[in-house]
*Asks:* 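Have a look at the structure that comes next, please.
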Amino acid sequence: MEYSPHCHSTQPVKNKLFVFCIMLSLWVYMLYCCVGYCSTTPTFMMEERSSRNPPRPLQKQDLEMFLKSQSRDLLNNESDADSKGDGWEENKGDVVYVEDSGVAGALNETKKLPQAIIIGVKKGGTRALLEFLRLHPDIRAVGAEPHFFDRNYEKGLEWYRELMPKTQEGQLTMEKTPSYFVTKEVPGRIHAMSKGTKLIVVVRDPVTRAISDYTQTRSKKPDIPSFESLTFKNITANLIDTSWSAVQIGMYARHLEQWLQFFPMSQLLFVSGERLISDPAGEMARVQQFLGLRREVTDKHFHFNSAKGFPCLKRPESNSKPHCLGKTKGRTHPNINPDVIQRLRDFYKPFNKKFYHMTGHDFGWD
């Protein structure tokens, strides 16, 4: 076979070209891997650094989003014109909390079962008390009444927990459902949830409370019978109809007996509905002490509205208009026959006397 100098001279060039292509491919591959790795490095380093250093300062958009998600109407009466006012933030403590703890603080919040519950009574002043308490930075409370222990118990504690607002460590979770106090199954159910639960009952002159209860019902159903006819089974025989809820609720001593089967008196606080109007700061001092909280809600938070007949809330550091409960609060009571009122007072007198003895406090209704 004849030797070809041309073919022999091109073979090394092909080999070198082949090796060069391989090396180029390897180099491109390594460069690709390096770029991909570097693109992930800042994220990794940022996560590692954020675990050692405090979070970045809270930005304006973060604060707006957080406040929007956490907002609660101060008086929980969005349908009432006089509850909207000038847009007062529902709790100064909330804003301070966000600014101090930032987004990281929000992420540390959890939903807890309530440690304290306002259990009664209907038309006693429970809404006012709840809103006064929500001024305290260490209290988070549900605005609407959950009715878990009397109407929704079969839904379970996790369903109940989800209704609760998020709280930070050291904050108290609360709710209020006035019908709890008069529902016989409720004491045992709350005790099963937590035997250490603190219980608050707002009580009021049972006669005035019954008339207020009737007034509320009549505002929704104008055609209901008169107060007098509903009060008596037989007015001639002076037989009071204790099956009527407006009358039954005011028999406080009978309801309290059910609660004392599960809870010691030291875990119950009885708030005077009358004093909550005449001296809200004084009653709030008792409540805050009972809950183990520092005294934050004081007389500087209240302004008495003579037209409505009860105190309204105000911001101590502002000259803004005080905010009152809605039009559904402070309704004008109908004129009731004085003889019927006296008969009711006579009926409640032994129940009141027993209640004073059980609680160790004379509420002065007689």
Side-chain angles (χ1 to χ4, degrees), residues 72 76-77 111-131 133-134 139-165 172-204 206 209-210 212-217 219-221 224 230 241-265 267-271 273 287 290-291 328-329 351 355 358-359:
R72 291 182 278 116
N76 198 41
N77 279 312
K111 291 187 176 183
K112 301 174 185 176
L113 293 170
Q115 299 102 321
I117 304 175
I118 301 173
I119 59 174
V121 297
K122 181 184 178 184
K123 307 309 297 178
T126 58
R127 170 55 58 186
L129 176 60
L130 182 71
E131 299 310 329
L133 282 170
R134 291 172 78 181
I139 289 179
R140 292 290 183 274
V142 183
E145 296 171 5
H147 283 281
F148 172 66
F149 293 103
D150 59 346
R151 300 179 189 173
N152 298 296
Y153 193 63
E154 72 284 351
K155 295 182 180 179
L157 285 174
E158 285 309 308
W159 178 87
Y160 185 45
R161 188 198 305 272
E162 282 302 308
L163 298 180
M164 298 300 117
L172 199 66
T173 302
M174 293 189 66
E175 71 115 317
K176 78 108 176 170
T177 303
S179 56
Y180 287 166
F181 186 64
V182 298
T183 306
K184 62 181 181 179
E185 296 86 2
V186 172
R189 290 173 176 178
I190 293 181
H191 186 270
M193 176 190 73
S194 174
K195 61 182 180 181
T197 305
K198 292 186 176 183
L199 308 167
I200 300 176
V201 190
V202 187
V203 289
R204 181 185 184 187
R209 197 222 66 80
S212 180
D213 198 339
Y214 171 80
T215 304
Q216 182 184 53
T217 303
S219 69
K220 300 174 183 177
K221 301 177 181 179
I224 63 171
L230 291 170
D241 187 357
T242 57
S243 66
W244 185 33
S245 63
V247 171
Q248 187 184 81
I249 291 172
M251 300 159 65
Y252 302 139
R254 183 173 293 181
H255 303 303
L256 180 55
E257 288 174 342
Q258 298 176 347
W259 289 89
L260 293 179
Q261 294 177 22
F262 294 91
F263 295 94
M265 187 64 76
Q267 282 179 232
L268 288 103
L269 178 70
F270 295 89
V271 175
V287 176
F290 173 71
L291 295 174
T328 60
K329 307 299 180 182
F351 291 101
F355 184 65
M358 294 172 75
T359 61

*Asks:* Y153 vs F148, test: ring-ring contact (aromatic ring centres under 6.0 Å, His included). Steps then yes/no.
*Replies:* CA-CA 5 Å; Y153 193 63; F148 172 66; 5.4 Å; yes
*Asks:* Of V203, V247, V121, which is the lone residue that meets side chain to side chain contact (heavy atoms under 4.5 Å, CB included) with R209?
*Replies:* V121
*Asks:* Do you know the tightest heavy-atom contact between H147 and S179?
*Replies:* CE1-OG, 3.1 Å
*Asks:* Using only heavy-atom distances, determine whether the side chains of K176 and T126 contain a donor-acceptor pair under 3.5 Å.
*Replies:* yes
*Asks:* Mind checking whether P206 and F351 have side chains closer than 4.5 Å, heavy atoms only?
*Replies:* no
*Asks:* For the residue pair L157 and M193, what are the closest heavy atoms and their distance?
*Replies:* CD2-CG, 4.0 Å
*Asks:* What is the minimum heavy-atom distance between I200 and F290, and which atoms define it?
*Replies:* CG1-CE2, 3.9 Å
*Asks:* Show, in sequence, the C-alpha distance, side-chain angles and deciding distance for L268 and K198, and conclude whether the side chain to side chain contact (heavy atoms under 4.5 Å, CB included) test is met.
*Replies:* CA-CA 6 Å; L268 288 103; K198 292 186 176 183; over 6 Å; no
*Asks:* Starting at NZ of K155, measure out to CZ of R151 and round the result to the nearest 0.5 Å.
*Replies:* 11.0 Å
*Asks:* Work out which heavy atom in A246 is nearest to a heavy atom in D213; give both atom names and the distance.
*Replies:* CA-OD2, 3.8 Å
*Asks:* In Å, rounded to the nearest 0.5 Å, how long is the span from CZ of R204 to OG of S212?
*Replies:* 4.5 Å
*Asks:* Could you tell me if the side chain of L199 sits less than 4.5 Å from the side chain of L269, heavy atoms only?
*Replies:* no
*Asks:* Checking the side chain of R189 only, and the main-chain atoms of F149 only, is there a donor and an acceptor separated by less than 3.5 Å?
*Replies:* yes
*Asks:* For a quick test of reading the model, state the closest non-hydrogen atom pair linking T173 to P165 and the distance between them.
*Replies:* CG2-CD, 4.3 Å
*Asks:* Would the distance check show the side chain of R134 and the main-chain N or O of I139 forming a donor-acceptor pair, the cut-off being under 3.5 Å?
*Replies:* no
*Asks:* Does any part of the side chain of P114, heavy atoms only, come nearer than 4.5 Å to the side chain of M164, both counted from C-beta?
*Replies:* yes
*Asks:* Hydrogens and angles aside, do Y180 and E175 bring a side-chain donor and acceptor to less than 3.5 Å of each other?
*Replies:* yes
*Asks:* Are R254 and Q248 close enough, and set up right, to give a side chain to side chain contact (heavy atoms under 4.5 Å, CB included), and what steps lead you there?
*Replies:* CA-CA 9 Å; R254 183 173 293 181; Q248 187 184 81; over 6 Å; no
*Asks:* To the nearest 0.5 angstrom, please state how far the CG atom of N152 sits from the CD atom of E154.
*Replies:* 6.0 Å
*Asks:* Is there a donor-acceptor contact under 3.5 Å from the side chain of Y160 to the main chain of P146?
*Replies:* no
*Asks:* Would you call the rings of F181 and F270 parallel, tilted or perpendicular if under 30° counts as parallel and over 60° as perpendicular?
*Replies:* perpendicular
*Asks:* Quick one: pull up NE2 in H255 and CG in L260 and give me the separation to the nearest 0.5 Å.
*Replies:* 13.0 Å
*Asks:* Measure the spacing between NE2 of H191 and CD of Q261 and express it to the nearest 0.5 Å.
*Replies:* 11.5 Å
*Asks:* How far apart are the C-alpha atoms of V201 and I118, what are their side-chain angles, what is the distance that settles it, and do they pass the side chain to side chain contact (heavy atoms under 4.5 Å, CB included) test?
*Replies:* CA-CA 6 Å; V201 190; I118 301 173; over 6 Å; no
*Asks:* Mind listing the closest non-hydrogen atom pair of W259 and V186 along with its distance?
*Replies:* CH2-CG1, 3.6 Å
*Asks:* Without swapping roles, check the side chain of K111 against the backbone of E162 for a donor-acceptor pair under 3.5 Å.
*Replies:* yes
*Asks:* State the OG-OH distance between S219 and Y214, to the nearest 0.5 angstrom.
*Replies:* 11.0 Å
*Asks:* Between L172 and L133, is any pair of side-chain heavy atoms under 4.5 Å apart?
*Replies:* no
*Asks:* Heavy atoms, side chains only, cut-off 4.5 Å: are Y252 and T359 in contact?
*Replies:* no
*Asks:* Kindly determine whether T177 and I119 satisfy side chain to side chain contact (heavy atoms under 4.5 Å, CB included), including the steps that lead there.
*Replies:* CA-CA 5 Å; T177 303; I119 59 174; over 6 Å; no
